[in-house]
Structure formats: C-alpha cells, structure tokens
Amino acid sequence: MEDFWNIFCDDSACSSFGGKPLCFDFEFLKDPSSCINHLLIIFLDMLLLLVFAFVIIHKCFLRPIHQGQNRVESKELSLKIALDVLSFLGAFLLLFSTYKASKYEDNDSEINGSLYAPLDSQVNDDDDLIDHISVTPFEKAGFFSRMSFWWLNPLMKRGQEKTLEDEDIPKLREPDRAKACYSLFIDQLNMRKEKSPSSPSSVLWILILCHRREILVSGFFAFLKVLTLSSCPLLLNAFILVAEGNTSFKYEGYLLAISLLFTKILESLSQRQWYFRSRLIGMKVRSLIIAAIYKKQLRLSDSTKLVHSSGEIMNYVNVDAYRIGEFPFWFHQTWTTVLQLCIATVILFRAIGLATVASLVVIVLTVVLNTPLARLQHKFLSKLLLAQDERLKACSEALVNIKVLKLYAWEIHFKNSIKNLRIVELKWLSSVLLQNACSVILFWFSPILVSTATFTACYIMKVPLHANNVFTFVATLCLVQDPISTIADVIGVIIQAKVSFSRVVKLLEAPELCTTNVRKTCYDEKLKGSIFINSSDFSWEDDLLKPTIANINLNVSVGQKIAICGEVGSGKSTLLAAILGEVPNTKGKIEVYGKFAYVSQTAWIQKGTIQENILFGSPLDAQRMLMYISWMIHLVLLMRTLQKNCFILQEYILEGLAKKTVLLVTHQVDYLPAFDSILLMLDGKIQQGGTYNDLLTFSQEFKDIVNSYKKTGGTYQLADVTSTRIHSKSNKEMKQYFIEKNFNDINGDEFIKEEEREKGNTGLKPYLHYLNQKKGYIYFFISSLSHFMFMICQILQNSWMAASVDNPQVSTLKLITIYLLIGITSTIFVIMRSLFAAALGFQSSKNLFRHLTNSLFSASMSFYDTTPLGRILSRVSLDMSIVDLDIAFNFTYYVASTMNHYANIIVLSSVAWQVLLLCIPMVYVTIHLQRHYYACAKELMRMNGTTKSSVANHVAETFVGAMTIRAFEEEDRFVEKNFDLIDVNTSAFFHSFASNEWLIQRLEVIYAVVLASAALCITLLPLGTFTSGFIGMVLSYGLLLNTSVVYSTQYQCILANYIVSVERINQYTHIQSDMQEVIEGNHPPLNWPNAGNVEIKNLKIQYRPNGPFVLHGITCKFEGGHKIGIVGRTGSGKSTLIGALFRLVEPTRGNIIVDGIDISSICLHDLRSSFGIIPQDPTLFIGTVRYNLDPLSQHSDQEIWEVIRKCQLQEVVEDKGGLDSSVVENGRNWSIGQRQLFSLGRALLRKSRILVLDEATASIDNATDLILQNTIRTEFVGCTVITVAHKIPTVMDCDMILSISDGTLVEYDEPLKLMKREQSLFGNLVREYWSHFQFAESH
C-alpha cells in the first residue's frame, strides 16, 4: 500500500512529517504541495475523465453515421465526437501534468521563494552549456524541455560544429548508470528472497518491479498515442461532410483543421515520449544484464566454465543482452495493438454496421495462422543461437591461439572448420529469414483480405457504400495496418528476448565458487599468513566420489617458505588452487588467514599501461616504483625463465618477503634447499613433507626427481666462478636498464592500440558495400521495385473505389470485384518483396562473414599483438548477428516507408496543389534538420560501436584472468571498471536514440502543419470541384503523412545505426595480410627440406616501418643435421629470429635460405608445414586426443598410438578413455607437462628435417624435460634441431651455439670453445647457471 501511495505522494511535503505515507491533519489542506491535495485534484480529474468517456460512448451509439437522410446530423455528431475526443485527451494531459507537478513543487520554495520552477532548464547559453556539464542536461531538464527534447540542442549544435569525440558526450544521470541499475536489481532480488525464501525468484518479475514506474509512464504515453491516432478517422468523416457542403456553422472547416493540427502534434509528443522512455528502460535493463553477467563470471566455478565457455559468455554479453534490451521498446506494442483494434472495431461498426464482423474474423484468422509461424520461429531461432554459440566458441579458441595455428600451418584447417560451423548456422539463418518473410507476407496481406471480406459482407448484407463510410473504413484500416504489420516484428522480438533471457538466466543460476569457506577473517595478527588444511579432499568437478587431490593435511605457519614439487599431473597446481579457494572442498576443513599475492603459471597481461599492470590496483609510490619494476622483473623471470641465479631467489623471495608466507610450485630442484619445507606431491596426494636433506635421505621419489634434474644439467662444471660478482653485475645491469628507460614511457606506453573508427560523413559507401556482396543490389532492386508496384496497386485500388463508390453506373458487385482483383495482384508484389529481402540478407551475411574470416586468418601477427580479442569477437558476434538478422529487412522497410511517404505527399498535392507552396520551404527545413542530425548521430553510433568493443574486451580479459583477480581480491575494482565501461557505452547509445526522437518529432510537427494546411485547402474548395470519394481518399492518405515520415525516419536511423556494424566488419576485412598467394610452379619439392641446411644472410628486422631495428644484420649458417642452441638475455632477439624463420615477421632486409630455397619465395603454408616446432606455451584445443595430435587426419590410429608411447603418455591416455578421450577448453583437464608432451607428439608425427624448440622446456618439470630431451635425441637423429635456450643445460650438448645481444650476433661457435673464450656471453651465462647449481649442491 505504501508503494501505491508513493505514486501520489512521491517526494512531496508530507515526507518531512514523520515519514508517514498518509496524513489526515487539516494543516495539509492549506499546503498546495501536500499529498492530500494532489490526491483530491487527481480524483477530480478522473471524475472529469469518466464524464467525458460516458458522453463519447453515449453519442457514439446514439445513431449511425452514414444513413442517407441523416447525413447532416451525422456530420454534426462526428464533429462533436471529434471535439469530445480532444477534450478527453486534454483531461488526460491535465491528469498527467498534475502528477508530474508534484516532482517539481518541492524545489519551488528553494528558488528564492519563487512559486514556480522554470519550464525550461536551459538557463545558460547553448553555446557554452556543453563545455561546463559533466552530466547530461536531461537530468535537470524541465517538463517542456523533456517533451520537446530541447535539452539535446547543445549537443546537436556541437556535432554540427565539429566531429564529436568521446569527451564531448555527457555522462548519464545517476539512476541510469549501470551501478545504480544493478544495485536496484540486487535490492529487489534480496527483498523478494526475504519475503519468499522457499520460492524461486523470477528474474523477469524482478526486472519489472525495478522499472514499474517507468513502464507505467511510458504506457500512459502509448495509450495517449492510440487515442489521438484513433480520433483521426472521425475527423476525416467530418472533413468529407464539410467538403460535401454539410456544415453546421460557418467556420467549421477552420476548426477542423486546427483540431487536426492539435491532434497530430499531440500524437507526435506522446509517441516520441513512449519510444524514448521505452528505449531508456531497455538501456537500463541491458546495462544491468551485462553487469550481472560480468559479476557472475568472476565467481564461476571451473565445472561451470565447461558449460559456459568464454565464447558463449561473449555471446551472452554481445548478443543476448542486446536482444533483451530491445524488448522493452516493443513491450507496449503488444497491448496497444489490441486496444487500437478494439477502438477501430467501434469506429468500423459505426461506419459499416454488422459487416465489421467479417473484418474481425479475418484479423482473428491472421493471428491464429501466425501461431504455428511463431512456434517455428522460436524453434529456428533457438537452433540458430546454439549454432552461433558453437561457431563463436571455435572462433574464440582459434583467435586466442592464432600464433600456434600459424606455426603449425593449421590456420586454413581451423578456418575451414569455422566455415563448416557457419554452414550449419546459415542453414538455421535461412529458416529464420524465410519464416520472417512469411510473417511479413501474412501481415501485409491481411489488410487486403480484411477490406475484401468487409466489402463483400457489405454487398451480401445490403449495407450501402458511400464515400464517407468507405473512406472512414479505409482510413481506419490504414491506421491499424501498421500495428498489424508490426505484429510479426513484435512476435519476433518477444521470441528472441525469451530465448536470450532463458540463456542468461541459466548462466546467472549456475553454481559459483565459495571462497568464504576458505578465507577466514583474521582477528589475531599472529594467525595472519597461516594455512590449515585437515584431512581434506578437493575436486574440480565438485564430486565427493572423484577427488582431484585427496587426504590433504597441511599446516603452514606465518612466514614459512614452502616449496611444492612433483611429477607431471601429480596435483601441485590443484593444491595451490585449493588454497586460493578455486577448487571445491568436498571433504575435511581448510582455513586460510590473510591476503594473497599470486603469480600464475601462464602470464596474464591486461589492456593498459605497464604501470597499471604492475601496480594492479595499488596506489602509486614513485620512489618504490623502480624498486617494484626491478623486483617484479626478477620475480617474473624466476617464475617464467628459471634462468637467473639463486641469489635472486634469496634476495627477493627469502629476504624481501621474510615476514610473508611463501608457497612456490616449482620444477626446479636447485631452488628447494633454500625453503623451510618441501611438499612432494604424487598421484593427487602429499606423499611426503620435510626439509631438502630429510627428503633426500628418506624419500626415493624425491631422489629420483633430483637425479633427473642432474641428468638434464649436463657434465660441464666450472668451479672458478665468483658467483657473487656475477650476480651483482647482472642485477645492477637489470636495474640500470629500467632506470635509464624513461619512467614516463612505463607510465604511458600501452600494449594495445586504441580502436580506430570511421569519422565524418561516409555517405553511401557502407550501404553500397553491403549491397555489393554477392550482387546484393539485384535483390535489393527487385525488392524495392516490388514494393513500388505494390504501392501503385494500393493507389489504384483506392482510386477505383474513390471514383466509383458514388457512381450509380457501377454496381456494387463490379466495384468489389475489381477492388479484389487489384488487391490480389498487389499480394504478388508483397511476396516478391519479402522473399528478395530475405535473399539479400542471407547472401550479404554469408559473403561478409567469408571475407571477415579470410582476412582474420591471413592477418599478420602484428595485428593480433596490438588488437584485443574482445574487439575481434565483438565483430564476429554482435556485428555479425546484426548483419544476419536485422539489416536486410530494415533496409527494405526504410525504402518502403520512404516510398509511402512521398506517395502520400503526391496524392495529397493532387487535390490540394497549394500545399506544394508550403512543401518547398518545409523540404528545405527537413533537409537542414537531417544534416544537423546526421552530423551528430553518425559519430554517436560509431562511438556506441567502439565503446561496445571495450566492454566486450574487458569481459574477455576478465574471463582469462579471473583466478588472478580473485587471488588479489580485486573483484570490486574490476566490477567498478566494468560499470564505467558500460556507462561510457550506454551514454553514447542514450544520446543516439534521443537524437532519433529529436529529429522525428520536429519532422512530425512539420508534416502536421502540411496536413492541416492541405485539409484547410480542401474545405475551402468550391463545392463539386472533386467528388467526396476523392476527397476521402486524399485525406486518408494525408492522415498517414505523419506515420510515414515517422517510419521513414525511424528506419533510416535504425539502418544508419546498424550499418555501423558493416563499417566495423569492413575495417577488419582489409587487415595487412601475411598470407602469400601460391605461385604455380614455385612450390618446394615434396621432400623439402631434405638436408636441413639453414643460411641466414644479413637479416634485419623491424616491427614497424619507422620503428627501430630488432635484428641488426645477422649472418650465419646452420649445417644440416646439427643441433643449434640460441642463447641470450631477455629481449635480445631470440624469439624474433625464430619468428623470421617461420615468417611470422617479414625481413626488412636480407633473407633466409633453407636447402637452397629462399623462404620468402614460397607460400607460407608450404613453408610452415615443412618445419616442426615445439612452442613455449603448450596449446590444446577442444576435442579429442586424436584431434589434438592430428587435426588434419593425416595419420592412422596406429601411428598416433606409437607417438603417444614415445611421449610416455600411453598410460594416462588409456586411463582417460583412449584416443577419443575429451579435451576441454584450453586443455584444462590436462597438466602443463602433459600438454607439452602433446606438442612433442605433433612434432614426431610431422617428421620434419628441421625442428625448432622455442623455449619448450621453460614450464615443465625435470622428468618431463628429460623425456622430451631423450626423445628428441633418439627420434630426430640427422635432423637440424634449433633450440632457443631458457635453461642452459638444454643447449649444453648442441653442436653450435649462437649468442645474441640486443639484436646483434655476438658469437657463433662450438660450446666448449665459447666457454674458454674471454668475455664470452655464453660463457658468462654458463658461469651464472653453475654458480646457481653449486649453491644447491652445497645445501
């Protein structure tokens, strides 16, 4: 009851008296702003409303309009009814104004004691206003400013003066921002759960509760629009009677013209507010849906991620949230269409009597026939979205791992796989488009059926047909034709929203991580940093019967340094994840006190500056910044490269974190002696724990690990190395490097380029680009021509009726028969228009996707290095979805509505030619307004697209780094950033759709003046100039003038918004390609390379045309069959050299010769498929074991099993189910070491004469490293093996060592010779390593 009372009371004066919602004190009667007075005034208005309604209903059913001798009386009655309707609308406006006034009266007394608030909030000069606002002027706009969109004028003017930039767009009001919308949603959800804790909460109902007031207000404007629109046929009837000379007083024509003008302006105001406020609701719903999805993905459990992959979540954000946000715009269409049909039925009954039943029967049949179509649409759309999910999942996986695909020369195969998924998607897309076409045909054909059935019923029932009742019927039918024809769109939007809503709700109701059971609030400082695990089992699948690690008992005291080691797949990473709260605890108890700092095994870098990535939400201390840089570089190198000496470990881990608890998962035995305790993991259990010496003494498994490490360490030991000197020099050099680097560069340099967007007026270019896909302009031309012929048929139909309805020489049967024949002819053109529109959408979408896919898979790596994944995925998801479903039909709708608009003007001017004198200046004003609008709106639409990509990219980044974010407890900061990104996007969207209403409202007022002027001219014509039939036809077309300009402008705005998706897709179809066309006759031999000789000649490389050289003239030769080691410090150019060998980066100068063939002269596929590589980051794809080893299906199962045996993976593969055992996204169900052995298996299957190891052993344990090294030695005998060294022992047995420093070849010789050479870079690296090894041995 309190909520109901707030509708009247709102924020009025009674709120300050004890907070009582209803007060009966007589003092309140003295206060004009009290809620009692508001209630009394509203009740009085409602009483007047009921009186007016009673008068209208009473007069409507008094007697019929059209009976011959009662024409004069009917004319008088029609005029009175029309004026009564206007009075009825005025009463509604009074009621609304009374309600709205309560919101401003509280502020009245605060404005210098004034009794009123300004009607227009634009108190400052428009030129300067936009410069001084941080929030949209809509927030403080007065009533008339909001009704007329006057508050938007400053932004529109700014858009005319300059190209709008992001900073020119004002912020949203506080209630419209994502945080406020999401908070309101959560509050309502919690209230609902408190009231009914046992019953499940309906997300849809909660959304309605959150926006119930806005829905009611927009519904009021929708109701007002229906009433104003429905009064037009009554005015038309009065005009016809006046034109026939049946006037009741002298100036009746003038009064009717003024009434028509007032009605049309009121119709415009109500419709614009209806659409604007509905869009606003949809925007807020979309914002909170995206915010809810984002917050949910931060809490998703690992098992849930198997169901909702990153690609699917991107689809929820980009597509489903967009579809749900579109629904509120169409919501009121559901009941206003029914209301309009009911009112039309009353008008038709007054015009044609019982023949109205025939109209109702046809309308009902139309709706009934649409039921199976709606079911089919729901089915097809659901299938389409599922196919879209699969395709987007494959796109996401391929684009994330594009470097691996290029190195293996698999990009063509994966591109074809995506195209195959697209074929399945296109199958359902064609079904959806055809079903849409059928719905459009049905609802455009229904008015023809209605009119034919009705006139036939009139003939059978002997109902006389005259100009006034026929064209009252025609005008009424034309007015309901638009809502009837939009039923298909409404049903489509409802179905799309329903499907999308169910998908999003399924995600929001998915299981979450529960870290509160792990992390405990620490009230005792002595406990901070301690960990207690007692007899606990942890399972990634949250299954008590399938623990991933079992029977874990662990007590870690404050400040302890714990190392965790073990073989591949022993559960080391799972134990660390369990402590972080990432793995469900299915048994036992775990308590963790204090905060985490987490360094993941796989590096996660987010879009932004180096400073932002280092600080990660911490406040900046400039003095400590350089220390942080040096420390984090060493720490990251320790974790990732494991090449630095042990003093780095001692200085930065043991000394720098002396008071901190440290857990280190490592494969490097040489770090273990420095730790307080070591945990040995085996088969998902802690096998043993203790100090380094204790484990060496009592654990055979630990001895095996140490021995395998020593085996990988080689036999070269140099005892005469002064380790301290080497360390201090290395450490000093590293610090000096970062100190000499400009600190501002670290603060300002971004890893990722800002997204580019089109600027200025691109004219017809994007439209022509869309139509030029697969000769789409032919489909478009036929579709447009078909509508033109349909429009001609409609004019002929009405002209025949106008000319013959009162002609006694034409029988009623002949009149109706010819009318029917013309109508049947017109349906042929309706069918052609819809089918060719569907064909246009299908062919254009198919071709655009093909171009986009080809461009993305042939793009150079520099594009992927500087472009966030979210930007790309937003194009292959939302932008492609718009191209698939929306552009083609909206294109044809725009052309059709524009044709209708100009046809209405032509028909109107055919009788009232004087209106052309008014049309000329009006056309000039229209063109001026449209230019004014497009200068601003185009940039708003483009900004909406680019800022949407920022939201998508942030979601994609967060999905990958969710574990790191949770570990650092930075969820709130990332959620706030997401709120800000959503607000930036919705601000552009808000001002974009507001500008649409700004333009349409002004155009409607212009054409309301044109219509009123034409009607006045018609009433002033001498009697007999035109028959009443022609006057009725002309005015029926004139009444559609506002509707046609609304639809024309609206579809033009929608199309302009949608065409931005074509612009964005087109941007990525012209990416710099690294794919070289195959030159016939220039293929390498089938057995190339047969010797494995590699000759590098004066190789120079730069990543950008004007950038610095990364490699400076390297010249050397790798003999076939030799093992080559490439060493150098971080950033020296090792990986760039490997990239040049695979042509991931093209040489600026020089060349590479392999077995006598310049690799630049052959196509990339021939080159890359001839080399073998084991990359640093092992990558597995969604599918099976067989698919991951042999995606091209080039080998038999026997060959694959042989390779698995050589990689020592046979036992684990058999345990998981054989070659068909599943591999989930990112290979999360396989350990890092196992994934690297899969990479080895791929190299074994390829059997290339040249094998490259790009730091392949950096992330694996010593046992796996030993397997890999031994396999390479035995299986690649006689092959050229090029190894980029991350660990010095890996290259100790190489034939030749290539040392690189700062992109320059420093030395190239045999390892022993280099070690004996003074000032040798390789010798220094070996000395550093062995000082490290000796330190471990001494412990």
Problem - Step-by-step side chain to side chain contact (heavy atoms under 4.5 Å, CB included) determination, Ile313 to Leu300 - result: CA-CA 11 Å; Ile313 289 177; Leu300 283 182; 3.7 Å; yes

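- In this structure, Lys162 and Asp168 have side chains that are in contact, with non-hydrogen atoms separated by less than 4.5 Å.
- Applying the salt bridge (Lys or Arg N to Asp or Glu O under 4.0 Å) test to residues at least two apart or on different chains, the pairs with a partner in residues 980-997 are Arg272-Glu997.
- Not counting sequence neighbours, His211 has no partner by the ring-ring contact (aromatic ring centres under 6.0 Å, His included) test.
- Side-chain contact check for Asn985 versus Ser950: every heavy-atom pair is 4.5 Å or farther apart.
- Cation-pi geometry between Arg146 and Phe138 is met: the NZ or CZ atom falls under 6.0 Å from the ring centre, inside 45° of the normal.
- Legend: residues meeting side-chain hydrogen bond (donor to acceptor under 3.5 Å, both in side chains) with Trp998, ordered by chain and number and at least two apart, are Asn153.
- A side-chain donor-acceptor contact under 3.5 Å links Gln1001 to the backbone of Met147.
- Among residues two or more places apart in sequence or in another chain, the side-chain hydrogen bond (donor to acceptor under 3.5 Å, both in side chains) test is passed with Ser995 by none.
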Handout entry: Working for side chain to side chain contact (heavy atoms under 4.5 Å, CB included), residues Met943 and Glu165
Key = CA-CA 8 Å; Met943 277 187 264; Glu165 301 294 341; 6.0 Å; no

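- Qualifying ring-ring contact (aromatic ring centres under 6.0 Å, His included) partners for Phe501, counting only residues two or more places apart in sequence or in other chains: none.
- Looking at Ser992, its side chain never comes within 3.5 Å of a backbone N or O of Ala988 through a donor-acceptor pair.
- Judged by distance alone, the side chain of Asn1066 and the main-chain N or O of Val1062 form no donor-acceptor pair under 3.5 Å.
- Between Ile1006 and Val1045 there is no side-chain heavy-atom pair separated by less than 4.5 Å.
- Salt bridge absent: Glu139 and Arg173 never bring a charged side-chain N and a carboxylate O closer than 4.0 Å.
- Judged purely by distance below 3.5 Å, without hydrogens or angles, the side chains of Gln930 and Tyr934 never pair a donor atom with an acceptor atom.
- With sequence neighbours excluded, the residues forming a salt bridge (charged side-chain N to carboxylate O under 4.0 Å, His left out) with Glu976 are Lys179, listed by chain and number.
- With sequence neighbours excluded, no residue satisfies salt bridge (charged side-chain N to carboxylate O under 4.0 Å, His left out) with Arg1002.
- Separation of atoms CD (Glu1063) and CD1 (Ile1065) is listed at 11.0 Å; rounding is to 0.5 Å.
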Problem - Test side chain to side chain contact (heavy atoms under 4.5 Å, CB included) applied to Val951 and Asn318, step by step - result: CA-CA 9 Å; Val951 175; Asn318 286 332; over 6 Å; no

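- Aromatic ring orientation, Phe979 versus Tyr182: tilted (interplanar angle from 30° to 60°).
- A donor and an acceptor atom, one from each side chain of Ser1048 and Tyr894, are nowhere located under 3.5 Å apart.
- By the 4.0 Å N-to-carboxylate-O rule, Lys295 lies too far from Glu971 to be salt-bridged with it.
- Residues Thr986 and Arg286 have side chains in contact (heavy-atom distance under 4.5 Å, counting atoms from C-beta outward).
- Using modelled atom types, no side-chain atom of Lys171 and backbone atom of Ser134 make a donor-acceptor pair closer than 3.5 Å.
- In this structure the side chain of Tyr767 reaches within 4.5 angstrom of the side chain of Leu1055, judged on heavy atoms.
- Residues passing the side-chain contact (heavy atoms from CB on, under 4.5 Å) test with Ala180: none are found, sequence neighbours excluded.
- Of the inter-residue distances, the one linking Leu288 atom CG with Cys210 atom SG reads 7.0 Å to the nearest 0.5 angstrom.
- Side-chain polar atoms of Asn996 and Tyr933 form a donor-acceptor pair below 3.5 angstrom.
- Residues Leu280 and Glu214 form no side-chain contact, since every pair of their non-hydrogen atoms from C-beta on lies 4.5 Å or further apart.
- Remark: Phe149 engages Phe276 in a ring-ring contact (aromatic ring centres under 6.0 Å, His included) (not counting sequence neighbours).
- The two residues Ile1054 and Asn890 come nearest to each other via the heavy atoms CG2-OD1, 3.6 Å.
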Exercise for the section: Decide yes or no on side chain to side chain contact (heavy atoms under 4.5 Å, CB included) for Leu1003 and Val925, but give the supporting numbers first. Expected result: CA-CA 9 Å; Leu1003 295 181; Val925 174; over 6 Å; no

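- For Ser1061 (side chain) and Val883 (main-chain N/O), no donor-acceptor pair under 3.5 Å exists by modelled atom type.
- In this structure, CG in Leu873 is found 11.5 Å from CG in Asp879, a value given to the nearest 0.5 Å.
- For the pair Arg966 and Phe974, the NZ or CZ position fails the cation-pi test of under 6.0 Å to the six-membered ring centre and within 45 degrees of the ring normal.
- We find the CD-CD1 distance between Gln1052 and Ile1059 to be 12.0 Å, quoted to the nearest 0.5 Å.
- Legend: residues meeting salt bridge (charged side-chain N to carboxylate O under 4.0 Å, His left out) with Lys948, ordered by chain and number and at least two apart, are absent.
- Within the 3.5 Å criterion, the main-chain N or O of Gly159 finds no donor-acceptor partner in the side chain of Glu939.
- Here the side chains of Leu172 and Met283 are in contact, with some heavy-atom distance below 4.5 Å.
- Inspection of the Thr946 and Arg871 side chains reveals no N or O donor paired with an N or O acceptor under 3.5 Å.
- Using a 4.5 Å cut-off on side-chain heavy atoms (C-beta onward), Lys157 and Glu161 make contact.
- Residues that satisfy the side-chain hydrogen bond (donor to acceptor under 3.5 Å, both in side chains) test with Ser500, not counting sequence neighbours, are Asp320.
- With sequence neighbours left out, the salt bridge (charged side-chain N to carboxylate O under 4.0 Å, His left out) criterion links Arg931 to no other residue.
- No donor-acceptor pair under 3.5 Å is formed between the side chain of Ser881 and the backbone N or O of Ser877.
- At a cut-off of 3.5 Å, with distance as the only test, a side-chain donor of Arg1064 or Ser949 sits close to an acceptor on the other residue.
- Residues Ser278 and His332 have side chains that never bring a donor and an acceptor to within less than 3.5 angstrom of each other.
- To the nearest 0.5 Å, atom OG1 of residue Thr1049 and atom CG of residue Leu999 are 5.5 Å apart.
- A distance of 10.0 Å separates CD of Glu267 from CG of Leu224, quoted to the nearest 0.5 Å.
- Between the side chain of Arg212 and the main chain of Leu209, a donor-acceptor pair closer than 3.5 Å is present.
- Here the closest heavy-atom approach between residue Trp274 and residue Ser218 is recorded as CD1-O, 4.0 Å.
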Exercise for the section: Go through Arg279 and Glu326 one step at a time and tell me if the salt bridge (charged side-chain N to carboxylate O under 4.0 Å, His left out) criterion holds. Expected result: CA-CA 8 Å; Arg279 284 284 186 202; Glu326 283 292 294; 2.8 Å; yes

